[in-house]
There are 2 protein chains.
Amino acid sequence: MYEKKIPKDFSCGISVLMEIIGGKWKSYLLFLISTGVRRPSELHRKVPTATSRVLNLQLKELEFHGIICKEIYPEVPPHVEYSLTAFGKSLMPVINAMDAWGSGYVGEFQQLMRQKSELYVVETGE
Amino acid sequence: MYEKKIPKDFSCGISVLMEIIGGKWKSYLLFLISTGVRRPSELHRKVPTATSRVLNLQLKELEFHGIICKEIYPEVPPHVEYSLTAFGKSLMPVINAMDAWGSGYVGEFQQLMRQKSELYVVETGE
DNA sequence: CCGAATCCAGTGCGATACTG
DNA sequence: CAGTATCGCACTGGATTCGG
């Protein structure tokens, strides 16, 4: 999972950033963690459409890249908490800028998708 | 190509942004166009590792989302130029922030990948 | 020089089921 | 509550080929 078989192209810094937050849920997880949601079950509650397996994978990658920190309390029942590292915090302004831009556009975006789909869609799925 | 069979999750604005610049070369193309590289053949020269087909696909998606504008001059030989739309320009600050952060980290990132790969890599890629 | 069609491999991620 | 293993599908994007 951690190995990269195909050489990635880092011609621009964005590729690096993508490598880190490019997963489907990573940015959202990052946001949640930054707002104080720390425990796996809590995160899962907030993102019920993703399975715990996937969340674990994404969290593990974030941890791997040094963005978040995982603390395990060897208790019964098990207790795990995630938190942003200093490095992860340095990323938050960028994340927030991205989120702000996207949020401002989401309405138009959905509309655009509907409009164009009338012109372009060939298979509506199935 | 334009249809989305699987419902995307736009719980945060970043997903929207990803939808727009999430392609492998899109951000780089955007950067190049913003710096004045306009013609397909020029872009292809700058990104020789991608085939023209792929570049065309990515450019088409950028155009689809209203980020760039394509002008066709019906000449012989054919002449095509891309340019940023006003909307595309509104995206540039975000792009630049992303690029800046990633660029600042690219060195450490490569190192990290090497270090960890000693621990995790199973196939160094044929 | 510009673009589209077909074919195909790698990967991400979702479902389900199981362990401590 | 937390984490992992196996399986399978859909999507991106590469190669190649063909048309204006």
Side-chain angles (χ1 to χ4, degrees), chain A residues 1-9 15 18-29 37-64 68 70-82 120-126, chain B residues 1-9 11 15 18-29 37-45 47-64 70-82 120 122-126:
Chain A
M1 155 203 168
Y2 290 114
E3 73 279 9
K4 299 294 168 187
K5 290 157 194 166
I6 295 179
K8 304 267 177 171
D9 195 61
S15 310
M18 287 301 197
E19 197 70 13
I20 294 175
I21 62 162
K24 182 162 181 182
W25 307 103
K26 283 186 199 167
S27 53
Y28 195 38
L29 288 172
V37 184
R38 300 171 157 276
R39 303 193 54 177
S41 52
E42 284 298 313
L43 290 168
H44 194 204
R45 284 214 157 273
K46 295 280 187 178
V47 197
T49 43
T51 62
S52 64
R53 173 188 174 275
V54 173
L55 292 183
N56 276 329
L57 285 176
Q58 308 257 315
L59 287 165
K60 194 178 295 187
E61 288 183 18
L62 287 172
E63 187 196 2
F64 173 78
I68 61 175
K70 179 187 198 170
E71 279 182 281
I72 303 174
Y73 300 83
E75 305 169 356
V76 179
H79 185 130
V80 174
E81 285 194 5
Y82 291 99
Y120 290 101
V121 154
V122 265
E123 304 179 38
T124 334
E126 187 303 349
Chain B
M1 154 202 171
Y2 291 115
E3 73 279 9
K4 298 295 167 189
K5 290 158 193 165
I6 293 179
K8 303 269 176 172
D9 197 61
S11 14
S15 309
M18 288 299 198
E19 197 70 14
I20 294 175
I21 63 161
K24 183 164 181 180
W25 307 102
K26 284 185 198 167
S27 53
Y28 194 40
L29 287 173
V37 183
R38 300 172 157 276
R39 302 195 54 181
S41 51
E42 283 298 311
L43 290 168
H44 193 203
R45 283 214 158 275
V47 196
T49 43
T51 62
S52 62
R53 173 190 174 274
V54 173
L55 292 184
N56 276 330
L57 285 176
Q58 308 258 312
L59 287 166
K60 192 179 296 186
E61 288 183 18
L62 288 173
E63 186 196 1
F64 174 78
K70 178 187 199 171
E71 279 182 280
I72 303 173
Y73 300 83
E75 304 168 358
V76 179
H79 185 128
V80 174
E81 284 194 5
Y82 292 99
Y120 290 102
V122 266
E123 304 179 39
T124 333
E126 200 273 351

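Just so it is clear, the values below take in all heavy atoms, side chains as well, and ignore hydrogens, waters and symmetry mates.
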[N] [atom2] sits how many Å from [X] [atom1], rounded?
| X | N | atom1 | atom2 | value |
| --- | --- | --- | --- | --- |
| A/N56 | C/dC18 | CG | P | 19 Å |
| A/I21 | C/dG12 | CD1 | C1' | 16 Å |
| A/L55 | C/dG12 | CG | C1' | 14 Å |
| A/E19 | C/dG12 | CD | C1' | 13 Å |
| A/Q58 | C/dG12 | CD | P | 10 Å |
| B/Y82 | C/dC1 | OH | P | 15 Å |
| B/E61 | C/dG3 | CD | P | 15 Å |
| A/Y28 | C/dC13 | OH | C1' | 18 Å |

Donor-acceptor list for residues 41-49 of chain A side chains, cut-off 3.5 Å, not counting sequence neighbours:
from	atom 1	to	atom 2	distance (Å)
A/H44	NE2	A/A50	O	3.1

Side-chain heavy-atom pair A/P78, A/Y73 within 4.5 angstrom cut-off: no
Between B/R39 and B/V80, is any pair of side-chain heavy atoms under 4.5 Å apart? no
Between A/I21 and B/M18, what is the shortest heavy-atom contact and its length? O-CE, 3.6 Å
Looking at every heavy atom in both B/I20 and B/K26, which two are closest together, and how far apart are they? O-CD, 3.1 Å
Could you list all N or O pairs between the protein and nucleotides 14-16 of chain C that sit under 3.5 Å apart?
from	atom 1	to	atom 2	distance (Å)
C/dG14	OP1	A/K24	NZ	2.8
C/dG14	OP2	A/W25	NE1	3.0
C/dG14	N7	A/R53	NH1	3.3
C/dG14	O6	A/R53	NH2	3.4
C/dA15	N6	A/R53	NE	3.3

Would you tell me if any nitrogen or oxygen in the side chain of [X] comes within less than 4.0 Å of OP1 or OP2 on [N]?
| X | N | answer |
| --- | --- | --- |
| B/S41 | C/dC2 | yes |
| A/R39 | D/dA2 | yes |
| A/K60 | D/dG3 | no |

Could you measure the distance from the CG atom of A/L55 to the CG atom of A/L29? Nearest 0.5 Å is fine. 5.5 Å
Please figure out whether A/S52 or A/G22 has its closest DNA chain C nucleotide nearer the 5' end. A/G22
Check DNA chain C against residues 71-80 of chain A and give the residues with a non-hydrogen atom under 4.0 Å, in numerical order. A/P78
Using a 4.0 Å heavy-atom cut-off, does A/K70 contact any base of the nucleic acid, only the sugar-phosphate backbone, or nothing at all? sugar-phosphate
Spell out, as yes or no, whether a donor-acceptor pair under 3.5 Å connects the side chain of A/E71 to the backbone of A/E81. no
Is there a donor-acceptor pair under 3.5 Å between the side chain of A/E63 and the backbone N or O of A/I68? no
Determine, stepwise, if the pair B/W25 / B/V54 fulfils side chain to side chain contact (heavy atoms under 4.5 Å, CB included). CA-CA 9 Å; B/W25 307 102; B/V54 173; 3.7 Å; yes
